[in-house]
Amino acid sequence: MKIEQALKEKIASALLELYQTSLPVVKLEKTNADFEGDYTFVVFPLLRASRKNPEQTAAEIGEKLALSAELVHSFNVVKGFLNIVIRENIWSEFLQKEWNNPAYALSPGTGKKVMVEYSSPNTNKPLHLGHIRNILLGYSVAEIMKATGYAVTKANLVNDRGIHICKSMLAWQRFGNGETPENGIKGDHLAGKYYVIFENALRAETEEVIKAALSGDFTGTDAAIQPKLAELYAILSNPENKEEKKEKARDEIKETIRNHSPLMQECQEMLRQWEAGNPDVLHLWKTMNGWVYDGFDVTYKRLGVDFDKWYYESNTYTLGKDIIEEGLSAGVFYRRDDGSVWIDLTAEGLDHKLVLRKDGTSVYITQDIGTAELKYRDYGLDQSIYVVGNEQDYHFKVLFQIMRRLGRPYAEGMHHLSYGMVDLPSGKMKSREGTVVDADDLLDEMHATAREKTIELGKTEGLEEAALNELFEKLGLAALKFFILKVDPKKRMLFNPSESIDFQGDTGPFVMYTYARIQSVLRQAGEGWQSAPVAGELHTTEKETLECLYAFPEVLHNAARDLSPALICQYALDLAKAFNRIYSELSLLHETDPARRATRLKIASFTAQSLKMSMNLLGIKEVERM
RNA sequence: GACCUCGUAGCUCAGCUGGAUAGAGCAACUGCCUUCUAAGCAGUAGGUCACAGGUUCGAAUCCUGUCGGGGUCGCCA
């Protein structure tokens, strides 16, 4: 049943008949709430063909539709707007047909294979709020695509190797005194703790040296970098240079000294040992990463997300080199005199990009070329979605273009789900300044807030402690997830740690509440209504709720197309609000007319089912009572 | 400097493939629980859609410029 589609066809044939004209697309809009009608057709573009004023044109088309279409009840014209009222029995027939269809809004499988890669953490630090946005988006998009008929693989590409991991390892070796997570601290937090210890030690070690270097005294620095430092210092001390340029030089001096400090050199040595397969280093690495995985696992479980496939950079970081070789002989890449390998993407409005260092080792993008190929080989993907922050927009533009140049069949199916950063009132979260919002802490806070609010409302009666805890956990998670997912993924969003996330208004708990309230009604409704016929006439609120329900399949389709759970959030709110209006204006259980009672209960049941599906697509778990 | 992106109510966000009088929620104020869960419903107030031009029947939406925020331009990931 496609009301809109049918109506569009009717309009198209009316236009042909009346004015011997057609439109490339017949556009229908939902009628503005202030006017009577369900759908609105705008006639302004037709005035040239009709040679009549807007009102007359709209009226003519309206007449035609009313005569020929069995789905049009009536119409009215306001200026150039033709408002069409659909016959009411269309809505009640829709209700009767679909209210109990468990597959409503789901699409039959096209079987297209898609991988959604999300989370993809580093193993040297615990997860924070930024990761949470990534994780929730990835999980929800994967679920949405499943519901629209894709075969989805959720993947996590763990960055488990590299200099940052070695920092944690080295600090633990030096200052750890054998500390393990068994002593209480969660594994990922333990690795993070030593990462911070390393950074602090590095700062302590280099502070004085940097200070001296900034005033031209290079004692204590590595002899190898002194010429470079002298060069930078010349820029810094030249009064003719702009402050901006000086600032850059200053930063570079700091970076250079840090990177060549004894501690960093030791760290780099550790990385070399790791790559060379030194058993002691490997053992430490495995142990520490193991702790981190155990820690992540707890957080993932608590968030209710999962993965079908794990990739580890320690396994994949050397991939891609073969493909570079292949592309080199195919002329896609070129080699510079120093031996480094590049691609020229200036034709696409991008730049030259290095794909292999002069020493033949991989860079970040080399790995990504390799894993793209690996993913395709593993699964024969039609689509591959990367949930990664928008700071990497350029990287993915380049990556996708490279895959195209390499003639990879899957290149066209690669998408970057580029999401905005989560900002604090003070700006970006910075780990160096300790402003990151830790994921585990946040989840604890959400739980505590849920408890507080529930007690405030006096809704704890009749529930055991265990059941209450489960409720608090679900409520807190719902509030957090909805808060994050209702914002358009592309946009950056603000989180204010000093204000708790709302539980009232446009929130996850509001949607949960509406669902629980319906469940309560249905528990008391008894039997019989399921098989009773529905009423032919509907109240405005009932019709509005049905219109909302009717739109669900399209909303779901759009959410999958745009990779936007925010559309599902918006839909769930619209539906919940529409139903709550019925609930407050009309009686369900006490309605005496059997057909009207059945109508309302079926709408209630249909709404509950649709809300539940929406919540689940967002990773929110419904509750039967709250 | 170049490129990308954002700027809508006090705050957080919708609306952006051009359509009617720009919408929600929070915060503020007013009503509604001796009928089904008040985490609800109804209402009041709150706007130079950053600014200036342009395109056209019509612009928050498209184009250009200006201002402001963020990001990217690593042989880091």
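Quick note on labels: first sequence line is chain A, next is B, and so on, each numbered from 1.
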Look at all strands and tell whether [X] reaches a base, only sugar-phosphate, or nothing, counting heavy atoms closer than 4.0 Å.
X	result
K79(A)	sugar-phosphate
F483(A)	nothing
D368(A)	nothing
V42(A)	base
P54(A)	nothing
F503(A)	base
L82(A)	nothing
T507(A)	nothing
E461(A)	nothing
L588(A)	base

Nearest-angstrom distance, [atom1] atom, [N] to [M]:
N	M	atom1	value
A22(B)	C49(B)	C1'	7 Å
G18(B)	C13(B)	P	26 Å
G70(B)	A24(B)	P	32 Å
C26(B)	C16(B)	C1'	24 Å
U72(B)	A28(B)	P	38 Å
U21(B)	A14(B)	P	25 Å
U35(B)	U30(B)	P	25 Å

Using a cut-off of strictly less than 4.0 Å, decide whether [X] has a side-chain nitrogen or oxygen near OP1 or OP2 of [N].
X	N	answer
K486(A)	G25(B)	no
K27(A)	G18(B)	yes
Q524(A)	U35(B)	no
K459(A)	A39(B)	yes
K577(A)	A39(B)	no
R581(A)	A42(B)	yes
R492(A)	G69(B)	no

Note to self: Filter on ring pair (Phe, Tyr, Trp, His ring centres under 6.0 Å), then keep only pairs touching residues 478-516 of chain A, sequence neighbours left out; what's left?
What the structure shows: none
Notebook entry, point to check: Applying ring pair (Phe, Tyr, Trp, His ring centres under 6.0 Å), which residue pairs with at least one partner in residues 559-585 of chain A are found, sequence neighbours left out?
Noted result: F552(A)-Y571(A)
Look at [X] together with [Y] and state whether they make a salt bridge at an N to O cut-off of under 4.0 Å.
X	Y	result
E348(A)	K397(A)	no
E391(A)	K428(A)	yes
E325(A)	K321(A)	no

Next item on the list: Return the residues of residues 155-165 of chain A meeting this criterion: a heavy atom under 4.0 Å from some atom of RNA chain B. Order them by number, or give none.
Entry: N159(A)
Next item on the list: Check each residue of residues 596-607 of chain A for a non-hydrogen atom within less than 4.0 Å of any atom in RNA chain B, then write out the ones that pass by number, or none.
Entry: none
Note to self: Checking Y364(A) against H395(A) for the ring pair (Phe, Tyr, Trp, His ring centres under 6.0 Å) test, could you report, in this order, the C-alpha distance in whole Å, the side-chain angles of both residues, the deciding distance, and whether it holds?
What the structure shows: CA-CA 9 Å; Y364(A) 179 45; H395(A) 171 78; 4.3 Å; yes
Rounded interatomic separation in angstrom, taking [atom1] from [X] and [atom2] from [N]:
X	N	atom1	atom2	result
Y513(A)	U37(B)	OH	P	8 Å
M626(A)	U37(B)	CE	P	13 Å
K30(A)	A14(B)	NZ	P	21 Å
Q392(A)	U72(B)	CD	P	10 Å

Check: So, is C49(B) syn or anti if syn means the angle is within 90° of 0?
Finding: anti
Notebook entry, point to check: Between R133(A) and Y419(A), is NZ or CZ placed under 6.0 angstrom from the six-membered ring centre and within 45° of the ring axis?
Noted result: no
Next item on the list: Report yes or no: is the cationic atom of R336(A) (NZ for Lys, CZ for Arg) closer than 6.0 Å to the six-membered ring centre of W342(A), at no more than 45° off its axis?
Entry: yes
Side-chain donor/acceptor of [X] to base of [N], under 3.5 Å:
X	N	result
D338(A)	C75(B)	yes
T454(A)	A39(B)	yes
T514(A)	A39(B)	no
N580(A)	A39(B)	no

Next item on the list: Report yes or no: do N390(A) and R492(A) form a side-chain donor-acceptor pair below 3.5 Å?
Entry: no
Margin query: Do Y334(A) and H352(A) pair up side chain to side chain, a donor and an acceptor below 3.5 Å, judged on atom types alone?
Written below: yes
Item checked: Partner residues of K602(A) under the salt bridge (charged side-chain N to carboxylate O under 4.0 Å, His left out) criterion, sequence neighbours left out -> none
Checklist line | Pairwise distance CG(L356(A)) to CD1(I324(A)) - rounded to 0.5 angstrom | finding: 6.0 Å
Checklist line | Of K491(A) and D393(A), the one whose closest RNA chain B nucleotide lies more 5' | finding: D393(A)
Check: L475(A) or N390(A): which one's nearest nucleotide on RNA chain B is closer to the 5' end?
Finding: L475(A)
Check: For RNA chain B, which consecutive runs of 3 or more Watson-Crick or G-U pairs (each distance under 3.5 Å) count as stems?
Finding: B:1-7 with B:67-73, B:10-13 with B:23-26, B:28-32 with B:40-44, B:50-54 with B:62-66
